[in-house]
Enquirer: 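This structure is in structure tokens; I'll ask about it shortly.
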Amino acid sequence: MYKFAFITIFLIGITNGSLFAQTKKDSISVAEDSLPRLDIDPLTPAKAAFYSAILPGLGQAYNKKYWKIPLVYGAIGTSMYFYIDNNKKYHDVRDAYKRRLEGYNDDDFEYLDDDRLIAAQKFYQRNRDLSALFVVGFYVLNIIDANVDAALIQFNVNDRLSFKPNVYTNDVTFKPNVALTFNYNF
């Protein structure tokens, strides 16, 4: 009986002692992230589109894509030049036709008959309208480009990730095969 009591007290003592043997630490260790944190602003695409709507090319400057600004002004400027040129020629031909209807024949288009003047009016009017459509189209394309570029700049794109086409020969038939390779370097 004494042996049973001694073993019981001994086991209770070991159990209580092992409970108090561990100490609590108040500090919690947190692992630091080794990648730099990039703060993403969800309003950046809207801001870039707004800037491009105010002044063409300003959204590209906001996105730091300065090489696109001459392309924007080149496209819009060329379309605007053709609009102004075709509009001037349209008005010249139209005024000459109106003078012909009044009975005068002293214009710059003496070598053309009335049917050719009407055809020239339609030609220059159509080209003028197409040029105006191109001006508006390039203006809208400028806004869309700034918006999409600002949205895509928030994605992580680096040299460790590659996706490229690959042409290799088949070992059995020796014919060239086309494949897409996706590589990720750790």
Enquirer: Which residues pass the side-chain contact (heavy atoms from CB on, under 4.5 Å) test with Asp113, not counting sequence neighbours?
Expert: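 For Asp113, the residues satisfying side-chain contact (heavy atoms from CB on, under 4.5 Å) (neighbours in sequence not counted) are Asp115, Arg116.
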
Enquirer: Does any pair with a residue in residues 70-79 pass salt bridge (Lys or Arg N to Asp or Glu O under 4.0 Å), and if so which ones, sequence neighbours excluded?
Expert: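 Sorted pair list comes back empty.
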
Enquirer: Applying a strict under-4.5 Å side-chain criterion to I, L, V, M, F, W and Y, I'd like to know whether Ile69 and Ile143 cluster together.
Expert: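 Different hydrophobic clusters.
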
Enquirer: Could you measure the distance from the CZ atom of Phe174 to the CG atom of Asn177? Nearest 0.5 Å is fine.
Expert: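 Phe174 CZ to Asn177 CG: 12.5 Å, rounded to 0.5 Å.
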
Enquirer: Please enumerate all residues that pass side-chain hydrogen bond (donor to acceptor under 3.5 Å, both in side chains) together with Arg99, with sequence neighbours excluded.
Expert: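 Testing Arg99 for side-chain hydrogen bond (donor to acceptor under 3.5 Å, both in side chains), a comparison that skips the adjacent residues, returns Asp106.
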
Enquirer: Who are the side-chain contact (heavy atoms from CB on, under 4.5 Å) partners of Ala132, not counting sequence neighbours?
Expert: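 Applying side-chain contact (heavy atoms from CB on, under 4.5 Å) to Ala132 gives Tyr83.
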
Enquirer: By salt bridge (charged side-chain N to carboxylate O under 4.0 Å, His left out), which residues pair with Asp85, not counting sequence neighbours?
Expert: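 Partners of Asp85 under the salt bridge (charged side-chain N to carboxylate O under 4.0 Å, His left out) test: Lys89.
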
Enquirer: Using links of under 4.5 Å between side-chain heavy atoms of ILVMFWY residues, direct or through other members, which residues join Tyr104 in one cluster?
Expert: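 So far as hydrophobic clustering goes, Tyr104 is joined with none.
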
Enquirer: Could you walk me through whether Asp114 and Tyr97 pass side chain to side chain contact (heavy atoms under 4.5 Å, CB included), step by step?
Expert: CA-CA 7 Å; Asp114 291 345; Tyr97 181 69; 4.1 Å; yes

Enquirer: Linking I/L/V/M/F/W/Y whenever their side-chain heavy atoms sit closer than 4.5 Å, directly or via other members, would Leu141 and Phe134 fall into one cluster?
Expert: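 Yes, it is one cluster - the side chains of Leu141 and Phe134 are joined through contacts under 4.5 Å.
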
Enquirer: Please answer: with hydrophobic residues joined when any side-chain heavy atoms are less than 4.5 Å apart, are Phe123 and Leu117 in the same cluster?
Expert: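 Yes: a chain of side-chain contacts under 4.5 Å links Phe123 to Leu117.
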
Enquirer: Are Tyr81 and Leu130 connected in the hydrophobic side-chain network, where two residues link if heavy atoms are under 4.5 Å apart?
Expert: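 Result: no, two separate clusters.
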
Enquirer: Sort and list the pairs that fulfil ring pair (Phe, Tyr, Trp, His ring centres under 6.0 Å) and have at least one residue in residues 49-77, not counting sequence neighbours.
Expert: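 Residue pairs passing ring pair (Phe, Tyr, Trp, His ring centres under 6.0 Å), neighbours aside: Tyr51-Tyr62.
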
Enquirer: Going hydrophobic residue to hydrophobic residue with side-chain gaps under 4.5 angstrom, can you get from Tyr111 over to Leu101?
Expert: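 Linked, Tyr111 and Leu101 end up in one cluster.
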
Enquirer: What's the shortest heavy-atom distance between Ala48 and Asn63, and which atoms?
Expert: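 Distance-wise, the nearest heavy atoms are CB-OD1, 3.8 Å.
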
Enquirer: Once rounded to the nearest 0.5 Å, what's the spacing between atom CZ of Phe138 and atom CD1 of Ile76?
Expert: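 So the gap between those two atoms works out to 8.5 Å.
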
Enquirer: Which residues pass the side-chain contact (heavy atoms from CB on, under 4.5 Å) test with Ile84, not counting sequence neighbours?
Expert: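 Ile84 satisfies side-chain contact (heavy atoms from CB on, under 4.5 Å) with Met80 only.
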
Enquirer: Please enumerate all residues that pass side-chain contact (heavy atoms from CB on, under 4.5 Å) together with Thr173, with sequence neighbours excluded.
Expert: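 Applying side-chain contact (heavy atoms from CB on, under 4.5 Å) to Thr173 gives Asn170, Lys175.
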
Enquirer: Could you tell me which residues satisfy side-chain hydrogen bond (donor to acceptor under 3.5 Å, both in side chains) with Lys88, sequence neighbours excluded, listed by chain and number?
Expert: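 So Lys88 forms a side-chain hydrogen bond (donor to acceptor under 3.5 Å, both in side chains) with Asp92.
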
Enquirer: Minimum heavy-atom separation for Pro56 to Asn142, with atom names?
Expert: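 Reported closest heavy-atom pair: CA-ND2, 3.3 Å.
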
Enquirer: Taking only residues at least two apart or on different chains, which pairs with a member in residues 68-81 satisfy salt bridge (Lys or Arg N to Asp or Glu O under 4.0 Å)?
Expert: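 As it turns out, the salt bridge (Lys or Arg N to Asp or Glu O under 4.0 Å) pairs with a partner in residues 68-81, which skip direct neighbours, are Lys68-Asp145, Lys68-Asp149.
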
Enquirer: Ignoring hydrogens, what is the shortest heavy-atom contact between Gln60 and Ser52? Give both atom names and the distance.
Expert: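 Smallest heavy-atom distance, with atoms named: OE1-OG, 3.4 Å.
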
Enquirer: Which pairs pass side chain to side chain donor-acceptor pair (under 3.5 Å) with one or both residues in residues 121-135, sequence neighbours excluded?
Expert: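 For residues 121-135: Asn87-Arg128.
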
